[in-house]
Amino acid sequence: MTIKDLKNHALADNIPIIQDDALNYIKDLINKKSIKNILEIGTAYGYSAISFSSDKTHVDTLERDQKRLKEAVIWVNKLKANVNVYNTDALEFIPDKTYDMIFIDGAKAQYKKFFLRYQKYLNPNGIIVCDNIDFHDLKIEEVKNRGTKSLLKRLAEFKIFLESNTEFETMFLKYGDGLSISVHKT
Ligand code: SAM
């Protein structure tokens, strides 16, 4: 069994997983910045968490959905990955340590709440990475569904929050469905 088998399994089950170019960019960042520990919000089947992990990099990852969590635990064990999976709502979890990187990939409407909740668990010079920041490049005015409209509004507000945040320097990248990389100014 390999990480490719996990990717195929997740895709076959219609589980949304990180896109290849975004994943490769983050893996490069992990290497270049010698990131040793990561907190991930939104495990799904564990594809991104396991991909980020190595002998040198530990990942703690949070998932509230029982079924997905069970799959993730099975794959972490199968692939002997340096990952701990926590069955918890990320809006309630309290870490007992700090991290070099926080990867936000949970409910899109909650990104600002996740950011504010976890920024204090970041090591000096740590980074917060958010996935799906462009959400399929959908435009609010072109969308009819009220739920999607509201989600796009929340993501737009989150982007403004990042741009105006004086504690972090943020860049927005066109990898995958859009990535934001926020570096803590310390
Ligand atoms: N990071 C995964 C990957 O690329 O392989 C994909 C994660 S998927 C896009 C988002 C996951 O976040 C879902 O499985 C969902 O159940 C979980 N999630 C959403 N909001 C959450 C929350 N507040 N706490 C914990 N998990 C959450």
Side-chain angles (χ1 to χ4, degrees), residues 1-30 35 37-54 57-79 81-96 99-119 121 127-138 147-148 150-152 154-155 157-158 173 175-182:
M1 284 288 166
T2 66
I3 189 76
K4 198 143 188 268
D5 295 312
L6 168 54
K7 181 182 179 186
N8 291 336
H9 177 53
L11 291 174
D13 284 359
N14 284 321
I15 299 294
I17 57 169
I18 190 165
Q19 293 180 30
D20 290 346
D21 57 347
L23 179 64
N24 289 334
Y25 177 82
I26 297 171
K27 280 168 71 174
D28 263 7
L29 203 63
I30 292 169
I35 286 172
N37 58 3
I38 299 172
L39 175 68
E40 176 184 70
I41 295 158
T43 316
Y45 281 10
Y47 176 66
S48 51
I50 294 171
S51 302
F52 295 157
S53 74
S54 68
T57 308
H58 175 80
V59 181
D60 285 336
T61 179
L62 316 180
E63 176 56 59
R64 64 181 175 188
D65 180 283
Q66 288 280 351
K67 237 179 114 210
R68 292 183 179 186
L69 172 106
K70 272 191 190 164
E71 281 284 345
V73 171
I74 289 170
W75 282 91
V76 164
N77 290 335
K78 264 187 198 167
L79 300 177
N82 190 4
V83 173
N84 278 346
V85 187
Y86 294 86
N87 183 200
T88 181
D89 190 310
L91 294 172
E92 288 164 12
F93 182 72
I94 300 174
D96 60 4
Y99 297 90
D100 299 324
M101 177 176 134
I102 294 171
F103 178 61
I104 299 181
D105 196 19
K108 311 304 157 209
Q110 309 290 344
Y111 271 21
K112 186 173 168 189
K113 279 192 182 159
F114 294 142
F115 195 102
L116 290 171
R117 182 177 181 87
Y118 290 104
Q119 62 179 0
Y121 298 103
I127 54 174
I128 302 184
V129 178
C130 303
D131 195 16
N132 307 107
I133 208 91
D134 292 336
F135 205 71
H136 316 304
D137 276 326
L138 290 176
T148 313
S150 144
L151 194 149
L152 290 173
R154 301 281 282 275
L155 272 176
E157 283 163 6
F158 179 61
L173 301 171
Y175 290 114
D177 206 8
L179 283 182
S180 65
I181 314 282
S182 305

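Note that ligands are numbered from 1 as they come in the structure, with each ligand's atoms numbered from 1 the same way.
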Distance under 4.0 Å, heavy atoms only, partner ligand 1: which residues pass?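 Residues near ligand 1: P16, I17, I18, E40, G42, T43, A44, Y47, S48, L62, E63, R64, D65, R68, T88, D89, A90, D105, G106, A107, F114.
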
Sequence-distant partners of D96, salt bridge (Lys or Arg N to Asp or Glu O under 4.0 Å), two or more places apart: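 Residues passing salt bridge (Lys or Arg N to Asp or Glu O under 4.0 Å) with D96: none at all.
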
With a cut-off of 6.0 Å (strictly less than), are more than 12 heavy atoms of other residues, nucleotides or ligands near NZ of K70?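 Result for NZ/K70: open.
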
Y118 side chain to A90 main-chain N or O, any donor-acceptor pair under 3.5 Å? yes

Any donor-acceptor N/O pair, R64 side chain to L91 backbone, under 3.5 Å: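 Between the backbone of L91 and the side chain of R64 there is no qualifying donor-acceptor contact (under 3.5 Å).
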
Which is it for L39 and L62 under the side-chain contact (heavy atoms from CB on, under 4.5 Å) test, yes or no, and what are the steps along the way? CA-CA 8 Å; L39 175 68; L62 316 180; 4.1 Å; yes

Determine, stepwise, if the pair Y45 / R68 fulfils side-chain contact (heavy atoms from CB on, under 4.5 Å). CA-CA 5 Å; Y45 281 10; R68 292 183 179 186; 4.1 Å; yes

